[in-house]
Amino acid sequence: MTTTRPGAAEVTDPWAPWIDSVSAGLVRSGAGAAVELREDGVRAVLDVDGGPEGDLAFPVHRFAAGSGPAAEVLARRLAEGFPSTPGVNPPVARGAYVNFTVDARVLVKATLDLALGRGVRYGHGERREGSTVVEHTSANPTGPFHVGRVRNAVIGDTLARVLRAAGTPVTTQYYIDDMGRQSAMVTWIWGKPRDAWPEPIRAAVEGKERPDDKADRRWGLPYPAASAYLKEHPDAAAEVATVVRQIESGAPPAEHRRIGEQILGGMLASLARLAIGFDEFVWESDLLADGSVAKATEALRRAPLAVREENGAWAIDARGFALPKESTRVVFQRGDGTSLYVTRDVAYHLAKFGRFSSAVDVLGQDHQLHARTLDALLAAIGEKRRPTYVIYQDITVPDGGRMSTRGGSAVWLDDLVEEAVERATREVAARRPDLSAAEAGRVADAVATGAVRYHIVRIAPDKPVRFRWEDALSFEGRSGPFVQYSHARASSVLRKGDADAPPYPFDPERLADPEEIALVRVISRFPRTVAYAARTFHVHAVAGYAHDLADQFNRFYHAVPVLRSGAGRESRLALVAAARQTLRNALELLGIVPLETM
RNA sequence: GGGCGCGUAGCCUAGCCUGGAUAGGGCACCGGGUUCCUAACCCGGGGGUCGAGGGUUCGAAUCCCUCCGCGCCCGCCA
């Protein structure tokens with residue numbers, strides 16, 4: 001039996017009380033069977049997804065020393081001795097398992113009460129202590145996003161949404177690397193009048209400029225050609241090196257920041273189409289200007305493991321850290337006294353830890369070693385905290401190669417979105433000739449961007465992805481539009497049922513069809529799924545859940561009439577409302593527009 | 001050479017953290033479904049040595065070891 005104490009935790013997961021009562025019941029039943037079960041041990045093996053036979057399953061093997069007859073006997077005795085528990089049907093032993101089912105009416109009531117009662121907060125957890133800064137994207141401001149880089153943004157933005165839902169206040173940050181050779185290169189070329197550009201660079205740009213270019217495209221256009229040119233021309237490379245030195249000395253060319261801001265503005269406009277934005281922007285050069293880098297460097301020099309090299313450079317003796325054998329020393333200050341990327345990153349992370357209790361960095365796999373180097377330097381100065389890294393693998397181009405701006409093999413985000421919008425526009429025109437042009441455009445846009453976001457987030461970050469147009473542009477099956485479609489259907493039913501707003505009275509007795517119960521079960525899984533995604537950072541689990549929910553809603557929709565269902569109509573409308581709410585909340589976590597119609 | 005990650009049907013993928021009952025989905029393919037709440041949908045079907053081998057265990061896709069294949073990284077670059 002579950003009692004609610006004053007000040008007890010708010011129930012956010014409909015399963016929590018049953019997990020409590022089944023665990024407690026098993027402990028009592030075990031005592032009767034002369035088997036000592038401890039509640040934490042029971043909880044550890046209790047399978048909440050239930051397996052094939054029920055809602056909760058308890059495998060007894062480890063308590064019966066194996067899977068022989070003894071296990072079956074124990075399962076039977078545990079089932080027989082299980083105390084009568086409100087809302088839980090008497091358990092059934094099957095082989096070495098004790099299977100529990102929750103009373104369907106109780107499940108329906110608890111789930112719909114929670115989903116409808118909490119509304120937009122269904123699936124969200126209680127406020128937690130602490131705060132988190134999620135750094136993601138952080139692409140150099142040198143030109144448009146390609147699809148590979150967008151994986152970072154989609155994972156990071158979704159993660160921020162999921163962590164917030166789970167109860168942790170989150171601040172998102174975009175770290176702008178304006179101190180590297182790459183951004184210096186952009187300033188170098190645009191610092192020259194056009195007729196002073198080296199011929200190959202001018203030729204590469206000529207004819208490609210369009211009057212309506214976004215800033216990132218316009219200012220980034222010469223970048224690949226400039227990059228190639230500099231490899232062959234040491235004199236020009238020396239000019240870029242001069243710009244780098246100016247930046248590092250704290251006196252960049254006057255137009256440096258302005259160019260960076262222009263390009264970044266264009267890049268951010270692309271992300272905004274996918275509902276990706278940032279709370280804060282941190283310019284690397286500001287860390288130099290405000291003394292943060294000097295302070296970090298000073299701390300590193302005082303570290304016990306700090307060593308001075310012959311030419312005056314400073315390094316940390318890193319033999320004790322788990323870095324590659326060659327990296328016995330990590331240099332953090334050059335012989336000329338200037339700082340390095342990793343040093344500035346130390347300064348940045350000290351700033352993060354000064355304001356937030358934890359930090360998450362979303363990084364491409366090519367930054368894996370950098371992450372460990374950063375950890376080593378933080379350890380060297382006695383900082384106990386570390387960022388948590390979410391590492392994702394590359395998105396490669398159709399022929400398998402790496403997506404590269406400079407190599408010209410990139411698939412641009414803007415092109416992908418544009419293509420998706422065109423395709424969605426055709427679909428909408430074919431399916432919904434009744435919509436106004438404005439409405440059709442809104443739907444097409446939401447479908448297109450939903451497809452793009454879902455396509456990227458649905459895959460575990462660990463998996464390398466080979467980009468294929470036909471996959472990215474799919475609106476069917478495991479896709480964003482599939483989920484959006486279920487939401488639109490549910491919305492349509494509620495609209496026609498004149499049930500677009502609460503209250504939603506229902507009678508659990510009337511929701512007894514197998515497809516109705518199955519739908520309730522999937523709805524009830526949502527809070528657990530969000531908590532799991534937040535704990536493990538597996539944001540793709542939310543995408544998988546959204547598909548499962550939409551899938552089951554569609555099955556229900558086909559099997560059970562709602563509007564013409566007589567006495568059960570009101571209860572079914574409540575179920576549809578709960579499903580829609582959950583679909584909506586899941587879509588919001590994924591940054592996908594929950595369309596009312598499509 | 002070393003480090004990290006990945007390998008699940010023709011293709012894509014979930015499950016791996018925390019071992020548990022016939023390995024879930026999607027695409028494609030085959031066969032059905034719309035006078036009825038949106039067919040971007042639903043129902044049915046075929047298709048699997050979970051890269052290979054060994055180990056641990058009552059039990060391994062899951063944990064450990066070896067090997068193979070693929071990607072990335074191994075700068076006083078960022």
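Note on naming: letters A, B, ... go to the chains in the order of the sequence lines (proteins, then strands), and numbering restarts at 1 for each one.
A donor-acceptor contact under 3.5 angstrom links the side chains of A/N152 and A/Y392, judged on distance only.
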All N/O contacts under 3.5 Å from nucleotides 7-11 of chain B to the protein, with atom names and distances to one decimal?
{"residue": "B/G7", "atom": "OP1", "partner": "A/K463", "partner atom": "NZ", "Å": "2.7"}

Could you write out each protein N or O paired with an N or O of nucleotides 76-78 of chain B at a distance under 3.5 Å?
{"residue": "B/C76", "atom": "O3'", "partner": "A/R334", "partner atom": "NE", "Å": "3.4"}
{"residue": "B/C76", "atom": "O2", "partner": "A/G335", "partner atom": "N", "Å": "2.9"}
{"residue": "B/C76", "atom": "N3", "partner": "A/N311", "partner atom": "OD1", "Å": "3.3"}
{"residue": "B/C76", "atom": "N3", "partner": "A/N311", "partner atom": "ND2", "Å": "2.7"}
{"residue": "B/C76", "atom": "N4", "partner": "A/N311", "partner atom": "OD1", "Å": "2.6"}
{"residue": "B/C76", "atom": "N4", "partner": "A/N311", "partner atom": "ND2", "Å": "2.9"}
{"residue": "B/C77", "atom": "OP2", "partner": "A/R334", "partner atom": "NE", "Å": "2.8"}
{"residue": "B/C77", "atom": "OP2", "partner": "A/R334", "partner atom": "NH2", "Å": "2.9"}
{"residue": "B/A78", "atom": "OP1", "partner": "A/R334", "partner atom": "NH2", "Å": "3.0"}
{"residue": "B/A78", "atom": "OP1", "partner": "A/R344", "partner atom": "NH2", "Å": "3.4"}
{"residue": "B/A78", "atom": "OP2", "partner": "A/Y341", "partner atom": "N", "Å": "3.1"}
{"residue": "B/A78", "atom": "O3'", "partner": "A/D177", "partner atom": "OD1", "Å": "2.6"}
{"residue": "B/A78", "atom": "O3'", "partner": "A/D177", "partner atom": "OD2", "Å": "2.3"}
{"residue": "B/A78", "atom": "O2'", "partner": "A/D177", "partner atom": "OD2", "Å": "2.5"}

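By the 4.0 Å N-to-carboxylate-O rule, A/D394 lies close enough to A/R402 to be salt-bridged with it.
Using a 5.5 Å limit on the distance between ring centres and a 30° limit on the angle between planes, the aromatic ring of A/H547 does not count as stacked on the six-membered base ring of B/G26. In this pair, A/Y97 does not lay its aromatic ring on the base of B/G20; centres under 5.5 Å and planes under 30 degrees do not both hold.
Aromatic ring pairs are classed by plane angle as parallel below 30°, tilted from 30° to 60° and perpendicular above 60°; the pair A/Y348 and A/Y175 is parallel.
Rounded to a whole Å, the CD1 atom of A/I391 is 10 Å from the C1' atom of B/G5.
Contact annotation for A/R402: backbone-only contact, meaning every heavy-atom pair under 4.0 Å involves sugar-phosphate atoms and none involves a base. At the heavy-atom level, A/V483 lies nowhere under 4.0 Å from the strands shown.
Evaluation of the salt bridge (charged side-chain N to carboxylate O under 4.0 Å, His left out) rule for A/R301 yields A/E298 as partners, not counting sequence neighbours. Shown here are the ring pair (Phe, Tyr, Trp, His ring centres under 6.0 Å) partners of A/F100, two or more places apart in sequence or in another chain: A/F82.
Taking a 4.0 Å limit (strictly below) on heavy-atom distances, residues 548-559 of chain A reaches RNA chain B at A/D551, A/N554, A/R555, A/Y557, A/H558.
When distances are taken from the side chain of A/Q365 to each of B/C72, B/G20, B/A14, the shortest belongs to B/C72.
Taking the ring axis of A/F553 as reference, the NZ or CZ atom of A/R489 does not stay both within 45° of it and closer than 6.0 Å to the ring centre.
With a cut-off of 3.5 Å on both pairing distances, the Watson-Crick and G-U wobble pairs of RNA chain B assemble into stems of 3 or more at B:1-7 with B:68-74, B:10-13 with B:24-27, B:29-33 with B:41-45, B:51-55 with B:63-67.
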